[in-house]
Amino acid sequence: MSQYSEKVMDHFANPRNVGEIENADGIGKVGNAVCGDIMNLYLRVENNIITDAKFKTFGCGAAIATSSMVTELVKGKTIDEALAITNRAVAEALGGLPPIKMHCSVLAEEALQSAIDDYLKKQRDKA
Amino acid sequence: MSQYSEKVMDHFANPRNVGEIENADGIGKVGNAVCGDIMNLYLRVENNIITDAKFKTFGCGAAIATSSMVTELVKGKTIDEALAITNRAVAEALGGLPPIKMHCSVLAEEALQSAIDDYLKKQRDKA
Amino acid sequence: MKPVYFDYAATTPCDPEVVAAMLPYFSDRFGNPGSMHAFGQKTKGAVEEAREGIAAFLGADSGEIVFTSGGTESNNMAVKGAAYARRGKGNHIITSQIEHHAVLEPCHFLEKEGFEVTILPVDGDGRVDPDDVRRAITDKTILISIMHANNEIGTIQPIAEIGKMARERGVYFHTDAVQTLGHLPFTVNDLNVDLLSASAHKLYGPKGVGLLYVRKGTRLTPFMHGGEQENKRRASTHNVPGIIGFGKAVEMAQGSLEKEVRDLIAWRDKLIRGFQEKIDQVKLNGDPTRRLPNNVNISIAHVEGEGMLLSLDMLGIACSTGSACSSASLAPSHVLMAIGLPHELAHGSLRFSMGRPTTAADVDRLLEVLPPVVAKLRAMSPLYHKT
Amino acid sequence: MKPVYFDYAATTPCDPEVVAAMLPYFSDRFGNPGSMHAFGQKTKGAVEEAREGIAAFLGADSGEIVFTSGGTESNNMAVKGAAYARRGKGNHIITSQIEHHAVLEPCHFLEKEGFEVTILPVDGDGRVDPDDVRRAITDKTILISIMHANNEIGTIQPIAEIGKMARERGVYFHTDAVQTLGHLPFTVNDLNVDLLSASAHKLYGPKGVGLLYVRKGTRLTPFMHGGEQENKRRASTHNVPGIIGFGKAVEMAQGSLEKEVRDLIAWRDKLIRGFQEKIDQVKLNGDPTRRLPNNVNISIAHVEGEGMLLSLDMLGIACSTGSACSSASLAPSHVLMAIGLPHELAHGSLRFSMGRPTTAADVDRLLEVLPPVVAKLRAMSPLYHKT
Ligand SMILES: Cc1ncc(COP(=O)(O)O)c(C=O)c1O
Ligand SMILES: Cc1ncc(COP(=O)(O)O)c(C=O)c1O
């Protein structure tokens with residue numbers, strides 16, 4: 001499978017943090033069936049720190065691997081640190097992605113942004 | 001050499017009756033350098049019978065083989081019999097020719113006709 | 001465990017006998033068939049023998065077979081060649097939505113050159129309706145191109161019927177038989193075609209060689225312009241080993257076709273039934289009975305094709321998918337769209353295609369391996385909910 | 001006695017190492033490089049390695065190499081592809097009288113499609129004058145196609161100079177290097193070309209595979225329309241064994257090129273001198289020094305080429321002729337006409353082309369065999385008179 005790096009294949013074959021978080025503090029849902037990728041990201045946030053992250057993804061190998069990787073990357077990070085994670089950072093952490101698969105890393109970034117937005121909005125609503 | 005029959009190759013490799021006949025009774029010269037075939041045919045005629053025939057030919061394998069064959073075919077024939085020899089007869093005697101080489105047999109027929117015409121004209125001139 | 005190949009529709013391995021037949025023509029009998037000397041005449045004879053064998057199998061004259069570099073070239077030559085040759089008569093071409101890109105793209109090119117192309121729809125099983133063809137024919141129609149059987153979903157088209165119509169209206173009829181030569185029994189007269197494309201690597205012959213059958217009297221402008229090879233119809237030095245290999249492959253197909261069709265249909269239907277029993281929400285794509293003996297194409301709801309393909313590959317099973325994620329264009333298969341599949345199901349499609357080396361054990365293995373792969377991916381899918 | 005081959009310009013035998021390199025890719029590593037599974041990825045990697053090796057030899061980027069089915073396709077793709085892609089800019093194409101039919105015929109086709117083609121003459125040695133090219137360029141010129149070296153008479157063209165001019169005027173420049181890749185040392189930058197054609201079977205690779213070098217940024221409309229192979233520039237399943245063989249052939253040429261050129265030039269000049277000493281009224285065709293190392297083309301007055309070719313063939317020597325009698329069209333070689341040869345001398349031409357397997361003994365044998373053949377045929381010729 002020379003198309004993908006070993007890291008991608010590892011995260012695809014053994015995805016980390018699959019699932020949903022009940023009563024998650026932040027939820028991001030991006031993508032749609034037309035373009036073939038749907039990513040749901042769930043965050044648990046305590047004291048401004050992301051303590052847990054889970055995902056459910058409908059999509060290709062790269063979509064699953066980037067989902068898995070982004071959940072790994074955010075755990076233990078502050079909200080501000082998490083906001084600074086770019087799609088390139090996700091792709092690099094996976095040892096690179098084929099050019100036509102870079103959009104999967106963009107989707108992962110968007111899912112993360114969306115989950116954090118959701119968290120921040122919920123915080124504002126509480127306040 | 002599957003392009004040519006064995007008979008053609010034999011008459012090309014060992015052409016019969018090459019040369020000129022001094023003071024020939026009939027001479028036929030056909031073809032030209034532009035189309036790549038020149039055939040000269042020489043006849044010796046005694047008592048209306050062709051007793052000898054020779055040729056000189058500039059041309060491809062088929063041109064040489066048809067020249068050789070036509071000299072063989074006419075020897076011993078009366079003028080009328082010789083006039084009846086067609087290009088197909090020459091080609092058949094050679095075991096056939098490739099379609100794009102049939103024009104060589106036409107040239108041989110023309111050379112023969114032209115040599116006989118020359119003979120008949122000379123006879124008339126004498127008379 | 002040895003990996004199992006279920007992608008014979010993409011390409012087949014050369015049969016060892018085919019390779020053995022080709023081998024002398026690389027270094028020993030290497031002459032150019034266009035050369036007049038012994039080296040050339042020897043290979044010319046061999047090429048003509050291959051041509052005769054293939055022509056006989058197709059019920060054609062050897063003078064009606066033009067060797068090409070593959071199915072794509074044959075399709076380009078047929079479509080563009082007929083279009084340019086008959087421009088005096090008209091500028092209208094009829095084809096279908098489920099054609100291979102090697103027919104559709106030449107059509108799109110010709111549209112830019114002033115031709116008009118009608119692209120007929122298909123029904124939910126991927127069949128072209130002959131009545132649609134009849135209605136589409138106008139006084140300007142010069143060519144109809146409908147494939148014999150579809151490479152993705154396996155649907156077999158009513159070619160003979162369309163061909164009869166085309167002939168009645170004086171319209172050239174081309175069929176892309178790349179998936180059927182050597183896989184279904186037929187002659188060019190059975191099909192009523194004027195032009196027929198095939199490619200050797202789909203029937204255990206080598207890659208890089210194909211043919212176009214051109215019915216006597218059919219006018220075609222050359223596509224590959226140049227020297228005088230193939231009776232001036234297709235230029236370029238003959239791919240002698242390739243042509244010899246193609247000849248051998250056809251000869252072998254002739255011998256094994258009947259038994260192969262029987263075996264493959266049994267396995268195909270076993271796979272289809274098996275998948276439907278073992279996996280919920282599975283849809284068969286393509287016509288259930290009028291389909292290629294070796295083709296199983298299914299859509300599995302709520303999972304994406306590339307993910308399944310990769311998982312199967314890691315478990316030693318090779319197949320293909322019509323998912324967008326597998327193509328450079330990021331659009332799902334135009335064939336799956338044409339049969340009206342929703343995007344999500346198109347993304348979740350898998351094609352398993354069998355071949356001469358396939359065994360009953362391979363089929364059983366696939367039936368065992370796929371369900372847990374689907375289960376694992378569905379567990380990750382935000383769309384899946386057990387029904 | 002073993003027949004001796006003097007027709008390497010027509011085609012070459014595959015080097016046994018090339019065959020060995022190809023062999024695993026027929027039945028074992030047979031996957032379609034377009035497939036995502038392991039079978040496909042393995043061959044994809046091999047194809048890309050071959051591409052990189054060839055690109056390096058040409059001084060090009062691997063992304064600039066497009067694999068085709070041979071020299072004819074490469075020429076068609078370059079000429080038609082550039083014409084259609086640049087039609088917005090202009091419709092004028094410049095080429096020469098001595099191009100291969102695979103360039104001239106596409107040009108004639110394009111003339112019917114509304115393009116204008118200037119066909120430049122050559123001098124008595126078969127050289128294109130760069131000043132003629134300069135004068136022919138207009139605001140509408142979109143493509144210049146001049147071959148690197150002629151396949152019949154061996155003349156090498158001033159490609160670098162013409163290329164420089166083309167670049168200054170913003171005109172695409174294509175060269176047909178089918179006779180030079182692996183036979184002369186050069187890079188695409190040496191030649192200042194945008195497009196360059198080559199064919200594997202001319203350098204001990206397999207028949208049925210070639211390449212088009214396409215300089216980055218050069219716009220080309222696809223010729224072989226269909227799937228997305230070759231970065232969407234050339235459709236059709238890759239001829240994997242062919243491409244691997246091409247790669248190996250180029251690798252081998254790289255190693256032996258220098259010595260080969262030295263040997264061949266020595267033998268070439270020995271043959272030319274020898275023929276002129278042993279046979280009266282012999283003319284060398286083509287440039288005496290700026291010519292392919294392996295090419296000897298002579299005209300022998302008062303005898304016809306096919307007759308000599310057949311006689312030599314019976315004596316175990318294979319060569320070719322530009323005589324009309326050897327072609328389906330019954331017209332003598334357009335190249336010999338272009339250098340102003342009278343018909344009769346054109347009919348009496350022979351080409352001897354040498355190759356890597358040629359030996360000094362082969363050269364001596366040819367020098368011995370030809371003079372008596374000529375003498376025998378001249379004795380039959382009504383045109384010959386000793387001078
Ligand atoms: C139906 C059909 N047509 C055409 C082609 C193109 O054939 P090739 O890849 O040999 O050019 C294929 C396969 O790739 C095919 O399945
Ligand atoms: C100069 C030149 N161009 C093009 C070609 C065509 O190459 P191919 O026969 O591989 O298509 C040839 C040889 O046949 C050639 O010598």
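Because the structure is a prediction, the values reported are computed rather than measured.
- For chain D, the nearby parts of C:Phe223 are the backbone and the side chain; heavy atoms of each come within less than 4.5 Å.
- Note: D:His108 NE2 to C:His225 NE2 = 10.0 Å, rounded to the nearest 0.5 Å.
- Chosen from C:Ile243, C:Thr221, C:Thr12, C:Leu104, the residue pairing most often with chain D at heavy-atom distances under 4.5 Å is C:Thr12.
- Contact detail for D:His37 and C:Ala318: the closest heavy-atom pair is CG-CB, 3.5 Å.
- Contact check on C:Lys112 versus D:Glu113 returns no salt bridge, with no Lys/Arg side-chain nitrogen under 4.0 Å from an Asp/Glu carboxylate oxygen.
- C:Val19 touches chain D through its side chain: at least one heavy atom from C-beta onward sits under 4.5 Å away, while N, CA, C and O do not.
- Heavy-atom distances place no part of C:Ser199 under 4.5 Å from chain D, backbone and side chain included.
- With a 4.5 Å cut-off on non-hydrogen atoms, D:Ser35 touches chain C through its side chain but not through its backbone.
- Checking side-chain atoms of D:Ser27 against main-chain N and O of C:Cys14 turns up a donor-acceptor pair under 3.5 Å.
- When each of D:Gly70, D:Gly245, D:Ala235 is scored by its heavy-atom pairs under 4.5 Å with chain C, the top score falls to D:Ala235.
- Nearest heavy atoms, D:Glu73 versus C:Ser69: OE1-OG, 4.5 Å.
- When the candidates D:Arg29, D:His201, D:Met22 are compared by the number of heavy-atom contacts under 4.5 Å with chain C, D:His201 comes out ahead.
- The SG atom of C:Cys319 sits 11.5 Å away from atom CZ of D:Phe39, with the distance rounded to the nearest 0.5 Å.
- The backbone N or O of C:Gly31 lies less than 3.5 Å from no partner atom in the side chain of D:Thr11, so there is not a single donor-acceptor pair.
- For C:His238, the part lying near chain D is the backbone, with the side chain staying farther off; criterion is any non-hydrogen pair under 4.5 Å.
- When the options D:Asp313, D:Asp7, D:Leu310 are evaluated for a side-chain contact (heavy atoms from CB on, under 4.5 Å) with C:Met36, the one that passes is D:Leu310.
- Only the side chain of C:Leu23 comes within contact range of chain D, with heavy atoms under 4.5 Å apart.
- Per-residue heavy-atom pair counts under 4.5 Å with chain D were compared for C:Ser320, C:Pro106, C:Pro206, and the maximum is reached by C:Pro106.
- Listed for the C:Lys207 side chain is a donor-acceptor partner under 3.5 Å among the backbone atoms of D:Phe30.
- When the candidates D:Gly226, D:Ala102, D:Ala10 are compared by the number of heavy-atom contacts under 4.5 Å with chain C, D:Gly226 comes out ahead.
- Pairing each heavy atom of C:Met224 with each of D:Thr72, the nearest pair is CG-CG2, 3.6 Å.
- When heavy atoms are compared at a cutoff of 4.5 Å, C:Asn76 approaches chain D solely by way of its side chain, counted from C-beta outward.
- The candidate from C:Ser236, C:Gly316, C:Gly208 with the greatest count of non-hydrogen atom pairs under 4.5 Å with chain D is C:Ser236.
- Heavy atoms closer than 4.5 Å to chain D are found nowhere in C:Met77, neither backbone nor side chain.
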